[in-house]
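Structure record follows, encoded as structure tokens.
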Amino acid sequence: MFRKLSLVYKNSLIINCINHLHISEFSGNNVVRYKVRLKCVKSTNDVHKSNNLRKRNVPLVKNLNENVLERTTTVMKRWEEEKKDEGVKWKFLEHKGPVFAPPYEPLPKSVKFKYNGKVVELSPEAEEVAGFYGKMLDHDYTTKDVFNKNFFKDWRKVMNEEERELITDLQKCDFNQMNAYYKEVSEKNKNRSKEEKKELKEKNEALIKEYGFCIIDGHKEKIGNFRLEPPGLFRGRGEHPKMGKLKKRLNAEDIIINCSQDSNIPKPPSGHKWKEVRHSNTVTWLASWTENVQNQVKYIMLNPSSKLKGEKDWQKYENARRLHKCINKIRDDYQKDWKSKEMKIRQRAVAMYFIDKLALRAGNEKDEDQADTVGCCSLRVEHIELHEKKDDKEYVVVFDFLGKDSIRYYNEVPVEKRVFKNLTLFMENKKGGDDLFDRLNTMILNKHLSDLMPNLTAKVFRTYNASWTLQQQLDKLTNEDDSEAEKILSYNRANRAVAILCNHQRSVPKGHEKSMEKLKEKIDSKRDAIKDAERQVKDAVREAKHGSVKEKFVADKKKKLLQRLKEQLAKLEIQETDRDENKTIALGTSKLNYLDPRISVAWCKKYDVPIEKIYNKTQRDKFRWAIDMAGPEYRF
DNA sequence: GCAGAGACTTGAGGGAAGCGGC
DNA sequence: GCCGCTTCCCTCAAGTCTCTGC
């Protein structure tokens, strides 16, 4: 019924749009609807007195907005409680089921696989898996022993008796023709004609139209990943012990469907049956399967633009805002705990300090068959170095470890003396491979955090500190008189501060040096053009002084051109700074997952920057709730 | 209190699409 | 209209955290 995010006030449902409040007042079975222009409302009483407020001309909506927003927390609490009680995520769910990966197309006969220099004709099963490897021949993965060993072991499992007997050494396998063939296909695809591209696009759009949406509680919502993962070789990150293992092709018999009992149940491909059809409305997934490499359940879920995901996102940031209200008390408490007699409490307090100050992840324990990465609770002695003095700074801790996705975290941090002393104590009589916090794990930590504030976990600190940093940096860096480009640079710098805090790195983009050089050349030639234009303006002004209307017109035109060139130069210089500062930092992750979008929306509204300059289409879809909700006055 | 399963979020990489300059 | 670069968006791995059962 209502697509906008809504708030409840007294007996009314209030939907806050950019210029209007849409209010539906409930009285028994009757619903009275008002659409109120924000500028015309003085207080909440005005809304309830009349439904003809558009005629009134009383400025100021602040009172109403604040009253409504003040009640948000209460309303959310109630919603949370309601949902918790029932555990219900939806009442009706209907979808068409997932799209399977296209079937394997055998290689042309001309593409040969050779073993020990001799052509060997492979069975279709063995050929398909060999093709996965052949495709990756140029990749770094195929130079790694673990990858090769795992691949070869799994490949042999799909071979027939004869192949298994013959092919015993990966070194003797020649996948070069397969590799060349796949490159050729890729090249052909790139050079598809306009008509072919159009046809392909239409086919894809038709597929999305049919399978890309579901009906959930009366709304048509986009599905996030309606295509099942195709078979291939597992590409774990970092030194993953399972890299190269075969990810098997999925059949209907592997898939569990989740939908309403009274909906049109998705049909499996003919001759097949779903593993199970379930009607569980306490979960949000539409289909699931267990992948064979890590034995983990994978899901088909809704797109981030959906109401369900949007609500969860909102709750996440409200939770982080709640932390803001008690952060000082929590900080005081953990600082006191640095002196605790109990080792367990001291360790917990130091870990909390790291999570709060450095935005470290919680650091769950990991199995042997996963890459060796760590977070706060799983730090080992070998991951930190203590320096009483380093580069004129006292009590410096040097962190050096591999975090999520095997991304290196390196940071030299001056810490409080008491933290330093505690760390020395924790490290006493331990070897490099021993746990730094041997009395702590994420469960103990999160249990303690939830006692301090409902729903508080280690992750909330990351969200809180990221959003708080953005707000502070925007306040500090934004100058009202700046040009739009300068304001956007300030925004990106604030975003960058968060990305650095969260250690969101990226590899230097291919051709970065080259593109910087080109940009510099452009800037130089723009500077030359400005010098030239300045000379021309000087001449034109001199001539205009004694000349006719025409000469004055020419002089004006030259001045305008000069002005335009200067603006273009400023933009290019800003672009150069921005691009260089962004070389190894990824802004997207923090923007999408950690920054309360209402901060950005409010900033755009306050400083008159189009929201399109900050969020692209997908991001605007995801943050629709925030765009509708936040006014220029919003503070995190 | 612990382990394992399940559910969901976070994350970097890479291919496709789009756009600006020539 | 083509080319090359940038941005977008999808993919799927890798986290966090909760729940359940013993």
Side-chain angles (χ1 to χ4, degrees), chain A residues 84 87 89 101 139 186 189-192 194 197 200-201 204 208 212 224-230 232 234-238 240 242-243 247 256 258 280 282-285 288 290-291 293-304 308-309 312-313 316 355 361-367 370-371 373-378 402-407 441-447 449-450 455-463 466 499 502-507 509-512 514-516 518-519 522 575 579 582 584-594 615-619 621-622:
Chain A
K84 214 176 183 180
K89 304 270 170 42
H139 206 288
S186 159
N189 289 345
K190 269 185 206 158
N191 298 326
R192 273 194 268 248
K194 252 189 173 179
K197 277 182 189 169
L200 212 67
K201 202 178 168 191
N204 191 36
I208 295 173
N225 55 330
F226 61 89
R227 288 182 173 88
L228 292 174
E229 292 175 14
F234 177 76
R235 303 182 184 202
R237 296 178 195 148
H240 201 295
K242 290 193 172 179
M243 64 167 77
K247 252 176 69 170
I256 303 173
N258 193 33
S280 169
T282 56
V283 295
T284 64
W285 52 268
S288 74
T290 304
E291 59 91 34
V293 176
Q294 309 214 78
N295 214 26
Q296 280 172 351
V297 186
K298 294 213 163 191
Y299 303 94
I300 283 181
M301 285 190 184
L302 292 175
N303 188 274
L308 198 79
K309 295 278 184 190
K312 282 209 105 188
D313 219 25
K316 178 178 81 181
I355 283 168
R361 294 187 188 85
N364 284 314
E365 278 158 60
K366 295 185 78 180
D367 293 338
Q370 290 175 293
T373 62
V374 296
C376 185
C377 295
S378 49
L402 296 182
K404 183 178 175 181
D405 292 328
S406 295
I407 299 285
N441 63 32
T442 53
M443 235 161 43
I444 297 171
L445 178 72
N446 280 336
K447 173 75 197 55
L449 293 177
S450 72
N455 297 321
L456 183 62
T457 62
K459 193 165 79 90
V460 182
F461 280 88
R462 228 164 126 81
T463 314
C502 295
N503 199 38
H504 292 146
Q505 297 187 29
R506 65 167 182 175
S507 43
K510 272 179 205 162
H512 174 80
K514 206 175 141 196
S515 88
M516 285 303 283
K518 275 199 164 177
L519 199 55
K522 246 177 158 179
Q575 200 183 344
R579 195 180 290 173
N582 238 17
T584 55
I585 297 159
L587 300 186
T589 307
S590 49
K591 199 185 251 187
L592 231 48
N593 301 300
Y594 289 106
Y615 291 138
N616 65 37
K617 170 117 184 16
T618 319
Q619 292 163 341
D621 285 344
K622 173 171 175 172

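Naming: A, B, ... by sequence-line order, numbering from 1 per chain.
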Distance test, side-chain N/O of A:R462 to OP1/OP2 of C:dG15, below 4.0 Å: no

Separation of B:dT9 C1' from A:L302 CG (nearest whole Å): 14 Å

Interatomic distance, A:T290 atom OG1 to A:Q296 atom CD [nearest 0.5 angstrom]: 10.0 Å

Relative orientation of the end axes in the helix from B:dG1-C:dC22 to B:dC22-C:dG1, expressed as an angle to the nearest 10° (five pairs per end): 20°

Heavy-atom side-chain proximity of A:Q505 to A:T584 below 4.5 angstrom: no

Sugar-phosphate only, base, or nothing, as touched by A:G588 at under 4.0 Å among non-hydrogen atoms: nothing

Contact summary for A:T373 and A:K366, nearest pair of heavy atoms: OG1-NZ, 2.7 Å

Partners passing side chain to side chain contact (heavy atoms under 4.5 Å, CB included) against A:R462 (at least two apart in sequence or in another chain): A:A359, A:R361, A:C502, A:H504, A:Y594

Rounded distance in Å - NZ (A:K312) to P (B:dA7): 12 Å

Under-4.0 Å side-chain N/O to phosphate OP1/OP2 contact, A:T457 with C:dC17: yes

Step-by-step side-chain hydrogen bond (donor to acceptor under 3.5 Å, both in side chains) determination, A:N364 to A:T442: CA-CA 6 Å; A:N364 284 314; A:T442 53; 2.5 Å; yes

Nearest-Å distance for atom pair CD1/P, residues A:I300 and B:dA7: 14 Å

Rounded distance (nearest 0.5 Å) linking atom CD of A:Q294 with atom NZ of A:K247: 10.0 Å

Between C1' of C:dT18 and CG of A:L449, the distance in whole Å: 15 Å

Rounded distance (Å) that lies between atom C1' of B:dG15 and atom CG of A:L200: 14 Å

Letter per nucleotide, 5' to 3', of nucleotides 7-14 of chain C [B base touched, S only sugar-phosphate touched, - untouched; heavy atoms, 4.0 Å]: -SS-SBBB

Residues A:K309 and A:D313 bridged, charged N to O under 4.0 Å: no

A:A458 to A:N446 - nearest heavy-atom pair and separation: N-OD1, 3.0 Å

Contact under 4.0 Å: A:Y594 side-chain N or O vs B:dG11 OP1/OP2: yes

Given DNA chain B, 5'-ward residue of the pair A:N204 and A:S288, judged by closest heavy atom: A:S288

5'-most by nearest nucleotide on DNA chain B - A:S590 or A:V283: A:V283

Gap between atoms CD1 and C1', on A:I208 and B:dA17 respectively (whole Å): 13 Å

Phosphate OP1/OP2 of B:dT9 contacted by A:N593 side-chain N/O (<4.0 Å): no

Sugar-phosphate only, base, or nothing, as touched by A:T284 at under 4.0 Å among non-hydrogen atoms: sugar-phosphate

Closest to side chain of A:M443, choosing from B:dG11, B:dC2, B:dA7: B:dC2

Heavy-atom pair of closest approach, residues A:D405 and A:R237: OD1-NH1, 2.8 Å

Atom-pair distance (CZ on A:F461; P on C:dT16), nearest Å: 15 Å

Distance, rounded to the nearest Å, where A:E365 contributes CD and B:dA3 contributes C1': 10 Å

OP1 or OP2 of B:dT10 under 4.0 Å from side-chain N/O of A:K459: yes

Sugar-phosphate, base or nothing in reach of A:K242, heavy atoms under 4.0 Å: nothing

Parallel, tilted or perpendicular, as decided by the 30° and 60° cut-offs, for the rings of A:H240 and A:F234: perpendicular

